Amino acid sequence: MKAGVVVFPGSNCDHDCYHVLKHVLGMDTVFLWHKDADLKGVDLVVLPGGFSYGDYLRCGAIAKHSPIMQEVTEFADKGGYVLGICNGFQVLTESGLLPGALLRNRELKFICKYVNLRVDNAGTAFTSRYADGEIVRIPIAHAEGNYFASEDVIKELEDNNRVVFRYCDEYGETSEGSNPNGSINGIAGIINKSGNVLGMMPHPERCAEEIMQTKDGFHIFESLRKVIKGVL
Amino acid sequence: MKAQVFVKFKNGVLDPQGQTILGAVNRMGHDFVKDVKVGKFFEIEIEKCENVEEKLKEIANKVLANPIIEEFRIEIDGDN
Amino acid sequence: MKAQVFVKFKNGVLDPQGQTILGAVNRMGHDFVKDVKVGKFFEIEIEKCENVEEKLKEIANKVLANPIIEEFRIEIDGDN
Amino acid sequence: MSMYDTFRYPEVTAEAARGMGLKPEEFEHAKKIIGRTPNYIELGIFSAMWSEHCSYKSSRIHLAKLPTKAPWVVQGPGENAGIIEVDGDICACFKVESHNHPSYIEPFQGAATGVGGIMRDVFTMGARPVASMNSLRFGKIDNEKTRSIFEGVVAGISFYGNCFGVPTVGGEVFFNDCYAGNPLVNAFSLGLVNKDKIFLAKAEGEGNPVIYVGAKTGRDGIHGATMASEEFSAESESKRPNVQIGDPFKEKLLLEACLELMKEDWVVGIQDMGAAGLTSSSFEMGAQSGVVLDLDKVPTREKGMTPYEIMLSESQERMLMVVRKGSEDKVKAIFDKWDLDAEVIGHVATDGYVRLRWQGEEVAALPAAPLSSEAPKYDRPYARGEYMDELNKPVDVKEPDHLKGVLLKLLAAPNIASKRWVYTQYDHMVRVGTTVLPGSDASVIRIPDSKKGIALSADCNSRICRLDPRTGGMAAVAESARNVAVSGARPRAFTNCLNFGNPEKADIMWQFVEAVEGMADAGKALDTPVVSGNVSLYNETEGKGIYPTPTIVMVGVIDDVEKAVTSTFKLEGSNIFLLGENTDEIGGSEYLSIIHGIEKGTPPKIDLAKEKSLINLLVEAAEKSLMLSAHDTAEGGLAVALAEMCFGEKQMGVRINLEDDMRTDHLLFAETQGRVIAEVGGLNSAAFEKLAEKHGVKCTQIGTVEGAHIVIKHQGRTVIKAEVQEAADKFLNTIGEWMK
Ligand SMILES: Nc1ncnc2c1ncn2[C@@H]1O[C@H](COP(=O)(O)OP(=O)(O)O)[C@@H](O)[C@H]1O
Ligand SMILES: [Mg+2]
């Protein structure tokens, strides 16, 4: 099995994702250059965090037009696993692989800190190593993570259990106070209909090792490794 | 030749920046201001060519605005 | 009553956003676009009162624009 | 008409020279060096190169007193940044630099471009930046203008650093009225580089091309270096020069492209364009062999720019490099991959001259080396201000009855309160290297492919510096070293940013000399040389100078990064030890300032030998994993330090018994140097005490971690009992509340 991390100009969590996939999980991992229309035969594509094109227009707006994204879209349509983290999530919504959009944080400021997340769907390929309702601590680092979608889209997401992560307090309750950015229903991560494309604002790669404040992000990568191994 | 594209949030999309500015302006004592909405505009310099409007629409739709949350308006300067 | 304030960089001030968008649009094959400058605009809803223009100027100078690097233009809708 | 004449420059006279900041005798000296009157372009170059900012003319002879050598120092002061060894061939490259004046004019962009500038200094040397810090000084937070500057500066740093993708792992913020008209923004960057991959600014090999890369040149910040060398006046605020706009995205591309290029062996020398732009970079590079530049080939952003403007522009995100002849196309291909333009704008010469041409015709020519080596150098008169006697008079205040209230007030004092409102706006975790996050005494980052880590702390208490600049200079070094050691790392070297007022005033110059000498003594005693730094003078607005502010950023190395120690309590029931001694030295404290409104007295003395023993003890105790947590006492003294330790992820209480024979308020709030509070588990306590004894450090058990209150008894009497939750709220939220 093989993982690929896309590098857009301005990506800055690309090396972090590469490090975790390759050195922590021991996966065969490659970088995928945005100008190349070539996925190098990977089984998992990670769209990393950062500021593609400086986020100068809208986050992810320019990146979606790169040659690699054509390939990623085809790959996703065929059922390939795609994980978008932070800016990667924004690229996924901009490209239409996931619904909705990410607006500026309610307080208009960049926020970098650990938050509590509730795993609301542990039945996905990305979350099988968690339990439903489990509370995990994973950091966020964004200025535009305020998830927005029209009412019917939100309803569809909720009805079909497609909200995978939600901001919550230490007891697992969602509330105004535990919602760092104003996202509708405290949404922190969602999955597509067919369950192979996940976008999330928090950064699991920042807490996937013993030395970090938590190791709670590790299980996303571990879940994926299990699933992909099973496929092959 | 010049064109301008104006992009703003659709109705119903929350605009926290506008609300923050409204608050600041009111606190300055300007009660006559009742609402503020924030948008972006792009001043574009273009070479004269065919279907300028079509092409700009495409650029606006695909790049400058996100149709899920934003709407846009194009103005093309008549001169030149 | 409505007003609009348009804010953009003064001439000669670097506009990294505009340059980045220009590059992207060109790389997408739209060579007819020669330059892009990015600005903000504010749609302001106001109650009719005296010296509206004066007051808006003050607001633009203090809140909406950074006069050191930006310039602005005010449009007040005649209607209502 | 010659090409030069087409630009219609004004005539060069002593008057014109003065207008650009050159003194009459400096202008005469310039004429002597080149044997004729410089033309207008050349005059601009002299003025920039000989500005205080670029030439260090008032500070050079004193900076020479600082220790700069140690076996682990690879590159001392003089290059873009200093370099020390951290693990075998892996080196750390770092520097701090001021961006005070630009940040006052336009806080957001000024701070942003300050961050960009210091990062370029680091990656110019071949190092990948891995951590940033900043040291900020503002007026009082209850002032609206101050808050807007503070807000803008933090947003600017956040904008640039976050986008660029380097974690901002720590820093300091200090509020005092003296900075109201002259805030300080000092930015620090640290990068990692392999010893055999270090690049320097040099142009060698006749005919090797000089390549310009990065952003186009505009009319930004022309004469910024000269501006940084003048006092502020109402006039300069209205004369606002073109503000530079930061483009972190372009700089990120520049970084990746440069590092990719540096893997090859085509680069001969490389230099970023910082203060005085193309002028200082070309003269630095050309110092040995000289260079010829075709200025009309420099990519410009605006029409009609002339050689003078091109040479003096301070547009950001630009680099100059000399590469091997024949590698031009390969170099361009790498920049092209990153969507950057690279332009050949000249070549290396042999005659030691920098020659500037326009459409092939020479328009200026100056000998490169003499402009630096013969730059003015002043031994300015210095004398202790007469007002010092009054300032240092012993302070006598009435002891308040309600010490809990004092503690809570101090915890909410902006200089003491948590700076999390600041650092949550910075991405401090990107690069997955930050293992001790901001909020502790030092931040710690791990080093890829190594077991080791780097600990960093930025410090300066300018109130102490004002009352006693020599002690203040020492204290800045000692405190930053202590912060690093408390985290378990051995302090190795530091970089400094010397922010002072107008050096032409004897009392200010005295502050400078005293502070530098104090810093030098501390550096020698603690075995921590200075490897890089920056001087920012003329920090005055309308004649009112700032407090002397010699900021230090200390860099330490911890052998096993997993053994780093943080500053908040971990375990109910563990023992609390005080290392060092309490003394009755209340002068210059935050307590006097906040509670009594007095900034006077004699600040606590420093015993450098004891500081050294304390550091040795802390490093060894961490190595042996004896401490659960540790925190030094600083602003607010013992009581504040103890309270801060209660405010961890999980809040914990503490019970303390103090027996010292002195006034309770002095005991609790004096900022006596050389003290650390350590939390040690019961099983390790005997070993810890023994280790302290071995190092000759006084070690007293003063209490235990216990309950949900901060309880402090003095000679049997309970003097403070505060709920941890209540105290934590004050500490954590005050700044955020102000900034709402
Ligand atoms: N400007 C800043 N940027 C980032 N972190 C900061 C800043 N100012 C303070 N901090 C962080 O807040 C914590 C407390 O700072 P400070 O009170 O200066 O500590 P100390 O007294 O130990 O030197 C440190 O971890 C520091 O890194
Ligand atoms: Mg400390």
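Excluded from the calculations below are hydrogen atoms, water molecules and symmetry mates; all remaining heavy atoms, backbone and side chain alike, are included. Each chain gets a letter, A, B and so on, in the order its sequence line appears, and its residues count up from 1. Source: prediction; values computed, not measured.
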State whether the number of non-hydrogen atoms from other residues, nucleotides or ligands found under 6.0 Å of [X] atom [atom1] is greater than 12.
X: C:Glu53; atom1: CD; answer: no
X: D:Lys297; atom1: NZ; answer: no
X: C:Lys57; atom1: NZ; answer: no
X: C:Lys62; atom1: NZ; answer: no
X: C:Lys37; atom1: NZ; answer: no

For C:Ile69, which atoms come within 4.5 Å of any heavy atom of chain D: side chain, backbone, both, or neither?
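Just the side chain, heavy atoms under 4.5 Å.
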Answer with side chain, backbone, both or neither: which region of C:Asp15 has an atom nearer than 4.5 Å to a non-hydrogen atom of chain D?
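When you check distances to chain D, no heavy atom of C:Asp15 falls under 4.5 Å.
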When rounded to the nearest 0.5 angstrom, what is the spacing between CG in D:Asp339 and CG in C:Asn26?
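Separation between the atoms: 11.5 Å.
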At what distance, to the nearest 0.5 angstrom, does OG1 of D:Thr113 lie from CG of C:Leu14?
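Reported value, rounded in 0.5 Å steps: 11.5 Å.
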For the residue pair C:Ile68 and D:Ile105, what are the closest heavy atoms and their distance?
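Distance-wise, the nearest heavy atoms are CD1-O, 2.9 Å.
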Looking at every heavy atom in both C:Pro16 and D:Gly246, which two are closest together, and how far apart are they?
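Closest approach of C:Pro16 to D:Gly246, heavy atoms only: CG-O, 3.9 Å.
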For D:Gln316, which atoms come within 4.5 Å of any heavy atom of chain C: side chain, backbone, both, or neither?
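The answer is neither part of D:Gln316.
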Quick check on D:Phe108 against chain C: is it the side chain, the backbone, both or neither that has a heavy atom closer than 4.5 Å?
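Looking at D:Phe108, nothing touches chain C.
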